[in-house]
Amino acid sequence: MLTLNEAKSFLRIDFDDDDSDINSLVLAADLFVVGASSQNVDKESELYKLACKLLVSHWYLNREVVGKADKLAFSLNEILFQLKYTTVAP
């Protein structure tokens with residue numbers, strides 16, 4: 001699973017003020033990716049971690065109450081599609 005430090009590194013954050021918020025985003029991203037892809041998704045795969053990083057980054061950088069309702073980038077949709085149909089044996 002994506003760690004707080006991996007998420008902060010991806011976001012290029014070197015302070016601890018937002019750790020609680022970022023950790024919540026990491027947990028939410030995990031739930032989202034698992035729900036959108038496959039219950040058997042390999043949480044150690046780089047594809048899974050990239051999907052989580054993209055979500056965390058998007059959510060962290062777009063925290064305004066009223067904002068854009070745009071879909072996430074095409075790349076995230078394609079990653080979720082790959083994870084959904086590339087399952088790991090339990």
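Position 1 is the first residue of the sequence; numbering continues from there.
- Looking at heavy atoms from C-beta onward, V33 lies out of side-chain contact with M1 at the 4.5 angstrom threshold.
- The only option from L61, V56, N62 that meets the side chain to side chain contact (heavy atoms under 4.5 Å, CB included) definition with H58 turns out to be N62.
- Checked for salt-bridge contact, K49 and E6 meet the test: a charged N lies under 4.0 Å from a carboxylate O.
- In this structure, a donor-acceptor pair under 3.5 Å is present between the side chains of D18 and Y60.
- The distance from the CG atom of L25 to the SG atom of C52 is 11.0 Å, given to the nearest 0.5 Å.
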> Between L2 and K43, is a side-chain contact (heavy atoms from CB on, under 4.5 Å) present by the stated rule, with each step listed?
Replying inline: CA-CA 8 Å; L2 183 68; K43 293 185 179 186; over 6 Å; no
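- Nearest heavy-atom pair, F10 versus S57, reported as atom, atom and distance to 0.1 Å: CE2-CB, 3.8 Å.
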>> Checking I79 against Y48 for the side-chain contact (heavy atoms from CB on, under 4.5 Å) test, could you report, in this order, the C-alpha distance in whole Å, the side-chain angles of both residues, the deciding distance, and whether it holds?
In response: CA-CA 8 Å; I79 291 169; Y48 161 84; over 6 Å; no
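- Here the straight-line distance linking atom CD1 of I13 with atom CG of N5 works out to 11.5 Å at 0.5 Å rounding.
- Following chains of ILVMFWY side-chain contacts shorter than 4.5 Å, one can reach F15 starting from I22, so the two form part of one hydrophobic cluster.
- Ionic pairing of D16 and K8 is present here: one or more N-O contacts between side-chain nitrogen and carboxylate oxygen are shorter than 4.0 angstrom.
- Considering OG of S45 and CG of L83, their distance stands at 5.5 Å, rounded to 0.5 Å.
- Of all heavy-atom pairs spanning V26 and T3, the tightest one is CG2-O, 4.5 Å.
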